[in-house]
Amino acid sequence: MTQPRLRGRPRAFHDKTEQNTVRALDRAMGLLAALSETKGLTLSELAALTDQSPATVYRVLITLQGHDIVELEDEAQRWHVGPGAFRIGSGFLRRTNVTERSRAAMQALMRATGETANLGVEDRDEVLFLTQVETHEAIRAFFPPGTRGPMHTSGIGKALLAHLPPVRVAAILKSKGLPGFTPLSITDEAALGEDLARTRARGYAIDDQERADGMRCIAAPIFNAHGEPVAGLSVSGPAFRIPLEAAARIGTDVRAAADQVTAAIGGTVGFPTAGEKSA
């Protein structure tokens with residue numbers, strides 16, 4: 001029996017060969033991605049970085065500029081990501097109400113702990129930070145929306161890994177490995193498994209200076225109606241303001257805030273562990 005074609009997809013949907021892609025659009029997305037990772041680039045810098053001719057790059061930039069996707073800083077002659085890109089990218093946040101529903105809990109969490117509150121999700125085997133509520137302290141953690149990070153050295157990442165099925169965790173580790181960033185990074189699968197077990201038992205994860213020296217993070221997962229982890233909430237800041245002896249107190253606050261968001265999106269707070277779910 002012939003499977004019906006899904007709406008919104010052409011018959012050649014699964015054909016990813018070059019003849020079924022739009023090369024000009026592919027180049028445009030590459031330029032936009034390059035600009036998003038910098039504080040602005042000149043035409044020649046952008047051409048060299050993407051290995052394209054300046055004339056080709058200029059035509060693409062002018063087209064994107066017409067839609068406010070990029071903008072030119074006249075004085076320095078540097079190109080930047082424009083407001084149009086932000087408006088389009090914000091559509092990702094509208095796919096789910098977890099961002100909106102998390103805002104009040106994040107603000108309360110920041111006030112209760114005095115540290116920056118963060119919201120992130122798993123995307124392409126990494127943590128993708130969606131938004132944050134910054135502390136007023138001069139020294140603070142800063143994760144601009146769209147920032148990505150490894151799962152195994154992130155509080156949010158470990159909070160999610162602890163409640164994902166083991167098969168999914170294994171796939172993520174195979175894809176990304178366990179690179180070290182500081183002397184405290186967990187680079188051994190067995191050690192990570194023990195850390196994730198402790199995370200499940202206490203209800204929150206701890207990034208103990210594993211991604212950046214001197215920075216500590218405490219995080220808890222947010223669940224959907226099926227008890228699946230769909231996002232993570234955390235507080236992060238300098239280790240001298242988040243000592244390990246305060247982890248239990250702060251962890252309780254973070255766990256309560258994450259449970260509040262879970263309830264707000266119709267999720268299930270009482271959940272089985274990843275091991276029980278996969279049994």
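Under the 4.5 Å side-chain criterion, counting only non-hydrogen atoms from C-beta, Thr187 is not in contact with Pro179. You'll find the side chain of Gln65 reaches within 4.5 Å of the side chain of Leu72, heavy atoms only. The shortest distance between side-chain heavy atoms of Gln52 and Arg27 falls below 4.5 Å. Using a 4.5 Å heavy-atom threshold, the side chains of Phe223 and His163 count as touching. Put simply, the side chain of Leu160 reaches to within 4.5 Å of the side chain of Pro229, judged on heavy atoms. No side-chain heavy atom of Met110 sits under 4.5 Å from any side-chain heavy atom of Gln132. By the 4.5 Å heavy-atom criterion applied to side chains, Leu184 and Thr153 are not counted as neighbours. Side-chain atoms of Gln77 and Leu43, non-hydrogen and from C-beta on, never get closer than 4.5 Å to each other.
With values rounded to the nearest 0.5 angstrom, Glu210 atom CD is found 7.0 Å from Thr182 atom OG1. Interatomic distance, CD1 of Ile218 versus CZ of Arg202, reported as 8.5 Å (0.5 Å rounding). Taking CD from Glu71 and CG from Leu64, the interatomic distance works out to 12.0 Å, rounded to the nearest 0.5 Å. To the nearest 0.5 angstrom, Asp208 atom CG is 8.0 Å from Lys158 atom NZ. Rounded to the nearest 0.5 Å, atoms CG (Leu233) and CG (Asn118) are 8.0 Å apart. Distance CD/Glu134 to OG1/Thr131: 9.5 Å, rounded to 0.5 Å.
For the side chain to side chain contact (heavy atoms under 4.5 Å, CB included) criterion with Leu178, the lone passing option out of Leu173, Ile186, Asp188 is Leu173. Between Ile250 and the choices Ile206, Val235, Leu109, the side chain to side chain contact (heavy atoms under 4.5 Å, CB included) rule is met once, by Val235. Each of Leu61, Thr63, Ile62 was compared with Val70 under the side chain to side chain contact (heavy atoms under 4.5 Å, CB included) criterion, and only Leu61 meets it.
Within a 6.0 Å radius of CD in Glu73, other residues, nucleotides and ligands contribute more than 12 heavy atoms.
The two atoms that bring Leu31 and Val60 nearest to each other are CD1-CG1, 3.5 Å, heavy atoms only. The heavy-atom pair separating Ala159 from Ala205 by the smallest distance is N-CB, 3.6 Å. What you find for Gly120 and Ile156 is that their closest heavy atoms are N-CD1, 3.6 Å. For the residue pair Thr199 and Ala162, the shortest heavy atom distance occurs at CG2-CB, 3.7 Å. When all heavy atoms of Arg78 and Gly40 are compared, the closest pair comes out as NH1-O, 2.9 Å. Heavy-atom minimum distance, Gly30 versus Thr50: O-CG2, 4.5 Å.
In this structure, Phe181 and His152 have tilted ring planes: the angle between them lies in the 30° to 60° band.
Arg198 and Asp195 are joined by a salt bridge, as a carboxylate oxygen and a charged side-chain nitrogen come within less than 4.0 angstrom of each other. Salt bridge present: Asp125 and Arg168 bring a charged side-chain N and a carboxylate O closer than 4.0 Å. The pair Asp207-Arg211 does not count as a salt bridge, with every side-chain nitrogen at least 4.0 angstrom from each carboxylate oxygen.
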query: Yes or no on side chain to side chain donor-acceptor pair (under 3.5 Å) for Thr42 and Ser44, after CA distance, side-chain angles and deciding distance?
result: CA-CA 5 Å; Thr42 65; Ser44 58; 3.2 Å; yes
- request: Verify side chain to side chain donor-acceptor pair (under 3.5 Å) between Ser53 and Thr56, making sure each step is shown before the conclusion.
  value: CA-CA 5 Å; Ser53 72; Thr56 297; 2.8 Å; yes
message: Could you go through Thr262 and Thr268, starting from their C-alpha distance and side-chain angles, then the distance that decides it, and tell me whether this counts as side-chain contact (heavy atoms from CB on, under 4.5 Å)?
response: CA-CA 7 Å; Thr262 293; Thr268 303; 5.6 Å; no
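No donor-acceptor contact under 3.5 angstrom links the side chains of Gln209 and Asp213, judged on distance only.
Residues Trp79 and Ile88 share a hydrophobic cluster, clusters being chains of Ile/Leu/Val/Met/Phe/Trp/Tyr side chains in contact below 4.5 Å. By the rule that hydrophobic residues join a cluster once side-chain heavy atoms approach within less than 4.5 Å of another member, Val254 and Met215 end up as members of separate clusters.
Between the Arg255 side chain and the Gly203 main chain, a donor and an acceptor come within less than 3.5 Å of each other.
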